[in-house]
Trainee: 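Below are the structure tokens for one structure; questions will follow.
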Amino acid sequence: MTILLVIAMEAEAAPVRAALGLEGPGQQLHLAFPAHLWATPDEEVAVASNGTDARFGVAAIATQPAVTTTLHAIEACAPRLVISAGTAGGFASRGGEIAKPYLASRVVFHDRRIDLPPFDRYGDGDYAVADLSAVATSMGLATGTVSTGNALDAPPSDVAKMGATETVAKDMEAAAVAWTCEQLDVPFTALKVITDLVDHHETAADQFTRNLALATKTLAQTAADLVAALQDNPLLATK
Ligand code: SAH
């Protein structure tokens, strides 16, 4: 059964597909959405990429495409595990470095501020994450909280929230992918590689642009290693 990687930007997905030996134009998942799916002939591994927003002409990042792509890709390939793979902001104060990969141990939202219990907990999400700590240890992969929001910057309230959850990777998709997986009862994790440091004087955008190529190279290699480790792992052979 398939391990499915869901990736936001084509700049992230192309190197991952190359490392996994996935070629060709892929299959469009739904006529109304730009996302495409690639799978190996044995259907052991698949990659879904959000594609380019038809109106704005940019990579379809952030939470809405993350949900639709994940839903349509799960319907297409019935995966045993979904991995939200991509880049993220890191935190030097918590050991973060440019191009460092992290596997999720927890996935939350940091910008759904709904100060009206019990909607506060609904907003934060805190979705189910597959326990892959043994695989992470064997690969020497760091683990930690991945926190998602719909902004590239980080205002003080978001920074405080990410401090409280000891976030190591700040992205714009993982929790949305995780929510979709939780609805469909599909195991989920996230693999994120750091392109920029949130606690750095430079803007995330400047750091992101400079470090994207290096980070996606690490993402491709680590994703291939992780998929190989999961395929070899008898504990994870069935759902
Ligand atoms: N300027 C870029 C846009 C990248 S947006 C461009 O057009 O090429 C950031 C993307 O990378 C999102 O998909 C998000 O998941 C991830 N990401 C990397 N660093 C991030 C950060 N500091 N905060 C939030 N998301 C980040």
Side-chain angles (χ1 to χ4, degrees), residues 1-10 12-24 26-27 29 35-51 65-88 101-107 127-143 146 148 169 171 173-193 216-239:
M1 268 172 82
T2 309
I3 294 171
L4 168 67
L5 295 107
V6 178
I7 306 179
M9 300 177 67
E10 189 50 26
E12 299 162 331
V16 172
R17 288 200 306 272
L20 294 169
L22 293 162
E23 290 169 0
Q27 160 208 349
L29 282 166
H36 282 66
L37 183 74
W38 289 256
T40 51
D42 60 8
E43 297 186 1
E44 289 276 315
V45 192
V47 167
S49 173
N50 287 356
V67 170
T68 53
T69 300
T70 304
L71 172 61
H72 295 141
I74 288 174
E75 287 176 345
C77 70
R80 64 181 165 105
L81 176 71
V82 170
I83 304 172
S84 167
T87 59
Y102 287 98
L103 195 66
S105 56
R106 188 179 180 197
V107 174
Y127 305 110
V129 176
D131 180 5
L132 301 177
S133 49
V135 175
T137 303
S138 73
M139 288 178 61
L141 252 183
T143 58
V146 177
T148 299
D171 87 332
E173 293 88 14
V177 175
W179 172 78
T180 314
C181 290
E182 201 175 87
Q183 308 313 304
L184 299 170
D185 201 19
V186 178
F188 164 90
T189 194
L191 174 66
K192 298 286 158 174
V193 178
T216 53
K217 204 173 151 196
T218 305
L219 176 68
Q221 189 57 56
T222 312
D225 292 348
L226 177 61
V227 165
L230 292 171
Q231 284 174 325
D232 290 347
N233 192 323
L235 288 174
L236 299 161
T238 52
K239 198 175 142 182

Trainee: Determine, stepwise, if the pair Leu219 / Val16 fulfils side-chain contact (heavy atoms from CB on, under 4.5 Å).
Mentor: CA-CA 7 Å; Leu219 176 68; Val16 172; 3.9 Å; yes
Trainee: First locate atom OG1 of Thr2, then atom CD of Glu44, and finally report the distance between them rounded to the nearest 0.5 Å.
Mentor: 7.5 Å
Trainee: Would you say Thr68 and Asn50 make side-chain contact, with heavy atoms under 4.5 Å?
Mentor: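 Side chain of Thr68 against side chain of Asn50, heavy atoms only: no contact under 4.5 Å found.
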Trainee: Where do Phe188 and Leu81 come nearest, in terms of heavy atoms and distance?
Mentor: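 Nearest pair, atom of Phe188 first, then Leu81: N-CD1, 4.0 Å.
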Trainee: Mind listing the closest non-hydrogen atom pair of Thr70 and Ala66 along with its distance?
Mentor: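 Heavy atoms of Thr70 and Ala66 come nearest at OG1-O, 2.5 Å.
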Trainee: Kindly indicate, with the supporting measurements, whether the criterion side-chain contact (heavy atoms from CB on, under 4.5 Å) is fulfilled by Lys192 and Ser84.
Mentor: CA-CA 8 Å; Lys192 298 286 158 174; Ser84 167; 3.2 Å; yes
Trainee: Rounded at 0.5 Å granularity, tell me how far CD1 in Ile7 sits from CD1 in Ile83.
Mentor: 9.5 Å
Trainee: For Ala175 versus Val107, what's the shortest heavy-atom pair and its separation?
Mentor: CA-CG1, 3.4 Å
Trainee: For a 4.5 angstrom cut-off between non-hydrogen side-chain atoms, does Thr222 reach Leu103?
Mentor: no
Trainee: Ignoring hydrogens and geometry, is there a side-chain-to-backbone donor-acceptor pair from Trp179 to Tyr127 under 3.5 Å?
Mentor: no
Trainee: What's the separation between atom CG in Leu5 and atom CG in Leu191, rounded to the nearest 0.5 Å?
Mentor: 8.0 Å
Trainee: How many angstroms lie between atom CG of Leu226 and atom CD of Gln231, to the nearest 0.5 angstrom?
Mentor: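 Leu226 CG to Gln231 CD: 10.0 Å, rounded to 0.5 Å.
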Trainee: Closer than 3.5 angstrom, by distance alone: can the side chain of Glu12 be matched with the main-chain N or O of Thr87 as a donor-acceptor pair?
Mentor: yes
Trainee: Mind checking the CD-OG1 spacing from Glu173 to Thr148? Nearest 0.5 Å is all I need.
Mentor: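 One finds 7.5 Å between CD of Glu173 and OG1 of Thr148.
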Trainee: Applying side-chain contact (heavy atoms from CB on, under 4.5 Å) to His36 and Ser49, what does each step give before you reach the verdict?
Mentor: CA-CA 6 Å; His36 282 66; Ser49 173; 5.5 Å; no
Trainee: Just wondering, are more than 12 heavy atoms of other shown residues or ligands nearer than 6.0 Å to CD in Glu43?
Mentor: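 No.
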Trainee: On a heavy-atom basis, which atom in Thr69 and which in Ala48 lie closest, and how many Å separate them?
Mentor: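 What the structure gives for the nearest pair is CG2-CB, 3.8 Å.
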Trainee: Do Val129 and Ser105 have side chains that approach each other closer than 4.5 Å (heavy atoms only, starting at C-beta)?
Mentor: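 The answer is no, as the side chains (C-beta and beyond) never meet within the 4.5 Å cut-off.
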Trainee: Provide the closest heavy-atom pair for Ala73 versus Leu37 in the form atom of the first, atom of the second, distance.
Mentor: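 In this case the closest contact between Ala73 and Leu37 is CB-CD1, 4.2 Å.
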Trainee: How far apart are the closest heavy atoms of Thr189 and Ala104, and which atoms are they?
Mentor: OG1-O, 3.6 Å
Trainee: With side-chain contact (heavy atoms from CB on, under 4.5 Å) as the test, would you mind laying out the steps for Ser133 and Thr143 before giving the verdict?
Mentor: CA-CA 8 Å; Ser133 49; Thr143 58; 5.5 Å; no
Trainee: Roughly how far apart are Gln183 CD and Ile74 CD1, rounded to 0.5 Å?
Mentor: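 Output value for this atom pair is 10.5 Å.
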